[in-house]
Amino acid sequence: MSTETETRAAAKAELPKAYEPAEVEARWYPIWNDRGYFTADPHSTKPAYCIVLPPPNVTGSLHLGHALTATIQDILIRWKRMSGFNCLWLPGTDHAGIATQMVVERELMKTEKKTRHDLGREEFLKRVWAWKEKFGARIGEQHKVLGASLDWTRERFTMDAGVSDAVKEVFIRLHSEGLLYRAQKLINWDPVLHTALSDLEVDNEERDGFLWHIAYPVKDSTERLVVATTRPETMLGDTAVAVHPEDPRYKHLIGKTVVLPLVNREIPIIGDAILVNPEFGTGVVKVTPAHDHNDYATGQRNNLPMINIFDESARVNENGGPYAGLDRFEARKRVVADLKERELLIEEKPYKVPLALSQRTGVPVEPRLSWQWYVKIKPLADAAIAAVEQGRTKFVPETWTNTYFGWMRNIHDWCVSRQLWWGHQIPAWYPMGPDGKVDFESSTPVVAREKPEGDWVQDPDVLDTWFSSALWPFSTLGWPNADAPDLKTFYPNSVMETGHDIIFFWVARMMMMGIHFMGDVPFRTVYLHAMVRDEKGEKMSKTKGNVIDPLDIVRGAPAANLPAAVRNKFPQGMPAMGADALRFTLASLTQQGRDIKLSVDRIAGYKAFCNKVWNAARFALMNLGDYQDDPKLFIKERSLSLADRWILSRLNRAIAGTQTALANYHFAEAASLIYQFLWGEFCDWYIELSKSSLYGDDPHAKTSTRAVLTFCLDHILRLLHPFMPFITEEIWQKLPILREVESICLATYPMEDRRLDDRAAEEEMKPIIEAIEGIRTIRGESNLSPALKIEAHVQSSSDDVRQTLDRWRAYVMPMAGLKKLTVMGLGPKPPQAAADIRAQMEIYVPLAGIVDLAEERERLKKEIEKAEKEIGVINKKFENPNYAARAPADLVEKDKARIAELESRIQKLSDNLKRIAPVEVRIAPPAAGSVNLGEELKEELSGVSVPDPDNQVKEALDKLREGTKEGLSSRDRYDLGVAYMNMGLVDDAVREFNKAREGDEAAGEAAATARGAPAKKPAAKKPAAKKPAAKKPAVKKPAVKKPTVKKPAVKKPTVKKPAVKKPTVKKAPAKKAPAKTAAAKKAPSSEPAAKQAAAGKPASKKPAATKKR
RNA sequence: GGGCGGAUAGCUCAGCGGUAGAGCGUCGCCCUUACAAGGCGAGGGUCACAGGUUCGAAACCUGUUCCGCCCACCA
């Protein structure tokens, strides 16, 4: 005994009440890593599973995109590792040529006011390396914070010796195969960075600009050709004017020349059907082959000379005559001004100009003629297309397949050289001239790994960063050494998981390179995740100030560090959510093909989930006593309770569902399944149900419940581990189970086990849950305090249901807060009881003396309406004769059964409504005209026509009138009393209440209920009454009217309700109500009735309701 | 100009041919001895619009309107 208390105390001390992620998360990662759990074994006999982490920029810092990537991949890796795979998750960083060089240059300028040219190449590179040494480890450390189970022993960097060697090898081989060449072409030039860019590194955007019409005088003629252009300054480099060869306006001029204004150069008028669209502008196009892609092509077609008018910074060069030295935009202004002056500017109109902008600098790219290295891409692309067509690599979600094909089929040669310093210097060598100079333009380079003998100079350019990235799936595994064990074991990789924004930059190129150099696809599956956005769906960017740092989420952050939107939610700063919560959130938000809008509320919700897991474990550990799991005894071999069997069966479903979801990359679904099971079934039901045996006296029941609790927790934790590695490990270590492995990281992932399935238990639990929920609904609707123990009657026609409820009353009673549970067949209903009518049972909770029956009535009416509405929906189907004829028979049957069920439900609800209706005697409807009921009653009610009271009262009154007062049950008496009360006849009311009480005491419960179903349809008497009290939409009327009279008067404690509920549409009728009341008040004829309603009501419920409230 | 995705509860999203779902938020009652980061209950939706296919459509087809992304050399 005392030991048990001690154990409990100890457990309690060990597990704090609230989960604190900070301490737990910091503790586990080093342990896992140091023990080598994440280190892959190339010689393992287990099946291999490999993912390479998309290498983040070395100098980068973790953002939510990384966090999402890491989360998804870690889920896959941990899941597979636990499922018996030999897993390699390979980390690395990318040298990120342009980005890193820019960062260091900026820093250099800031601290030393120097440019890279001031330092020189060698010194500058030293600085970049130093920078890399300083910050390169940061992003890796940040991944560890997230719990990413990466194999750090294999960490790579794109400029490592090994990877660099692979880069050289690929360059040389491609060159020798004729797939890599050097050429002078028009490329995208960044005038700020002074480098070429690939097409992918350019963004197109429309900006406000102008379309200028400029007159070019035709030589030896008075005619002028008017060209349309958005870039007038480029006319300095014009070498032709083009018209459509069939254009009647200009046809005759083809072959002549124009004199280029400002420059006075004579250039030909050519006909070119490809370039010129006669419909557009003036139908005349100036041709500047050196500065426009279209014009370049035109120049090629027509053998036009090319005049380069810009230098590397896009300033006008010596070819620009008087404009030399001007920046291109300055030159534009000057050219326009000069043209205007010479009256050659015909028109200047606003125009949306398509602009090509450098992704890096945001500056308009200047098409520039230059020598660059290109990969001849078509042959590589063809193979990569075929691989996907053949299904050797598949995309998830599949929709990306088309995007991939679309790009691959229209691919252009890849410009791979960059005029940067930071990167893989191109292994090409140029002969040094006798003067010690190198002519990079006209000399032919030698491509070789090392400098050849003699005076050679290496190509100063470096390779596009994506060139080395394209090799990542094999360059990291030891290639070009074909015998490298890692390469043999882990190529092809299993999955490439990355953002869809780099499908062209990276995925497509890995496909091409992998297939070409390895002879097989680099990965079997490409899983492309969505982009993480802020809550409004906007891209997170520093300029917008909406960037949320994942580490702030994990560790918490002062308000000042948070973007405005988040700060509003956490004015005191954001609490530490923990990596587990962040990971679970991200996993829950993954859906296919759409953006992820990250909501901090959602993260907070999952932090709460962590706490729930924690406390479920805490509960278990506090109640396990000295239980120690016996691995030889399979859980189902124990003598189990119904709840035990039920939860095991449910657990098994959760396991099966999670496995399926994971196998299909449905991370959100997997997360949701675990969440629902753990919280909605294990905690809400099983833990609560387990208390009866845990706190009970039966030692066997206690032990088996402890065993099941332990079993479930063990499985849940393992199921959850890939999503929430830290908390699951922390708890798992404390479970009294026999651990064959020292960490949950190495434990086996739960597998579906048919032996746990128990359909019978699940079926048997249904009525129990239904009964509990039904009673709780009544409780909630009647605003009964959870502390108040109540009585419930459950009636069911099914023997099974009755037996189950009877047998498991130990479940039902505490869960529903009952002091007494009566289970019986259908029969007389308890008086003044709230009811919940369900398919398999009717639940009654006597409310007399506890609660306001008016609310119960409202509820019942609502229920009836709801059921009627549903019948309406189904009946609508049957109105169409084709439905019964053509729809599947089982469906039609189902609908018929449903109607029957609903009808019986309505009947029962109406019956119940009738039984508690009298309280509702609404004198209010002034339909009765000026009849003063009170007066009439005093005259023994003779000859009075009652203005539509509910049937029961009517009956009672009828009986009274007939002088059969003796026939009144105590129930009738009570009702009558209420009726008197409503009419202000207090004395009469008290008399009836007293008699009712006497009658009750005398007759006992049985007698009181005896009057179960008298006179079902007493309505036969007068057509005035709406007899069945239901059936038609007409019912709605009274439902609407009621509140008018009753609510203001009776409901003083609940007045809030109507006051608060403004946003609902339903308000409309309520608004009408007061108007009617007012009208009634004004009408002189109804004055007495109105007065009574107003005055009498407040008193109405008192006698019954005073007790509890 | 092409292509793709989206439009469902106040918010974020599931559902993708057969009675509209979840989480968060809201409202009501509760600090019940695992958890107030909690428990129990409730309210809340002409599933963007218009046609069509079907016995039946939120779902399939067509069109429209918005929103987002990608690709493209129209001066």
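Residue numbers start from 1 in every chain, and the chains themselves are labelled A, B, ... in the order their sequence lines are given, proteins ahead of strands.
- Separation of the C1' atoms belonging to B:C70 and B:C13 is 23 Å when rounded to the nearest angstrom.
- Distances were taken from every side-chain heavy atom of A:Lys17 (C-beta onward) to each of B:A75, B:A37, B:C35; the shortest belongs to B:C35.
- Taking atom CE of A:Met813 as the reference point, atom P of B:C40 lies 19 Å away to the nearest angstrom.
- Rounded to an integer number of Å, the gap from A:Asn410 CG to B:G3 P is 13 Å.
- The side chain of A:Asn611 sits closest to B:C35 out of B:C35, B:G38, B:C30.
- Straight-line distance from the OH atom of A:Tyr606 to the P atom of B:C35: 24 Å, rounded to whole Å.
- Listed nucleotides: B:G38, B:C40, B:C35. Nearest to the side chain of A:Arg618: B:C35.
- Evaluation of atom-type donor-acceptor distances gives a pair under 3.5 Å for the side chain of A:Lys612 against the base of B:C35.
- Looking at the side chain of A:Asn615, the nearest of the listed nucleotides B:C71, B:A34, B:A22 is B:A34.
- For B:G38 and B:U33, the C1' atoms lie 14 Å apart once the distance is rounded to whole Å.
- Note on A:Arg779: nothing from the nucleic acid sits closer than 4.0 angstrom, heavy atoms only.
- Contacts of A:Lys789 with the nucleic acid, taken as non-hydrogen atoms under 4.0 Å apart, are absent.
- When the P atom of B:C4 is taken as reference, atom CZ of A:Phe395 falls 17 Å away, rounded to whole Å.
- Base-pairing analysis of RNA chain B finds the following stems of at least three consecutive Watson-Crick or G-U pairs, with both pairing distances under 3.5 Å: B:1-7 with B:65-71, B:10-13 with B:21-24, B:26-30 with B:38-42, B:48-52 with B:60-64.
- Among the protein residues, A:Gly578 comes within range of no part of the nucleic acid, since none of its heavy atoms lies under 4.0 Å from any strand.
- Note on A:Asp295: nothing from the nucleic acid sits closer than 4.0 angstrom, heavy atoms only.
- Residue A:Asn294 places a side-chain atom within donor-acceptor reach of the base of B:C73, judged by atom type and a 3.5 Å distance cut-off alone.
- Note that CZ of A:Phe395 is 6.5 Å distant from CG of A:Leu528, once rounded to the nearest 0.5 Å.
- Closest approach of A:Ala792 to A:Ile775, counting heavy atoms only: CB-CD1, 3.9 Å.
- Place A:Tyr19 and A:Pro354 on RNA chain B by their nearest nucleotides, and A:Tyr19 ends up nearer the 5' end.
- Look at the C1' atom in both B:C66 and B:C30: the space between them is 46 Å, to the nearest Å.
- Among the atoms of the strands shown, none is found under 4.0 Å from any heavy atom of A:Trp212.
- As judged by a 4.0 angstrom heavy-atom cut-off over every strand, A:Tyr351 is placed among residues touching the sugar-phosphate backbone only.
- The base of B:A34 sits within donor-acceptor range of the side chain of A:Glu688, with an N or O pair under 3.5 Å.
- Taking atom P in both B:C31 and B:C40, one finds a spacing of 16 Å when rounded to whole Å.
- Residue contacts shown for A:Val227 are absent, as no nucleic acid heavy atom lies under 4.0 Å away.
- Along RNA chain B, the nucleotide closest to A:Ile687 and the one closest to A:Leu211 are compared, and the more 5′ of them pairs with A:Ile687.
- Using a 4.0 Å heavy-atom cutoff across all strands shown, A:Thr403 reaches no nucleic acid atom at all.
- Straight-line distance from the CD atom of A:Glu205 to the P atom of B:C70: 11 Å, rounded to whole Å.
- Panel note: side chain A:Arg779, backbone A:Leu788; a donor-acceptor pair is recorded below 3.5 Å.
- Contacts of A:Cys610 with the nucleic acid, taken as non-hydrogen atoms under 4.0 Å apart, are absent.
- The aromatic rings of A:Phe210 and A:Trp212 lie tilted to each other, with the angle between the two planes from 30° to 60°.
- Note: CD1 (A:Ile503) to C1' (B:C71) measures 12 Å, nearest angstrom.
- If you look at A:Trp614 and A:Tyr19, their ring centroids are closer than 6.0 Å.
- Within 4.0 Å of A:Ala616, counting heavy atoms only, lies at least one base atom of the nucleic acid.
- Note: A:Tyr351 and A:Phe280 have perpendicular aromatic rings, judged against thresholds of 30 and 60 degrees for the angle between ring planes.
- Separating the C1' atom of B:C27 from that of B:G52 is a span of 43 Å, rounded to the nearest Å.
- Atom-to-atom, CG of A:Asp836 to C1' of B:A42 comes out at 13 Å; the value is rounded to the nearest Å.
- When distances are taken from the side chain of A:Phe504 to each of B:G5, B:A72, B:C70, the shortest belongs to B:C70.
- Nearest nucleotide to the A:Ala608 side chain, out of B:G41, B:A34, B:A37: B:A37.
- When atom types are taken as modelled, the side chain of A:Arg332 and the backbone of A:Pro232 share no donor-acceptor pair closer than 3.5 angstrom.
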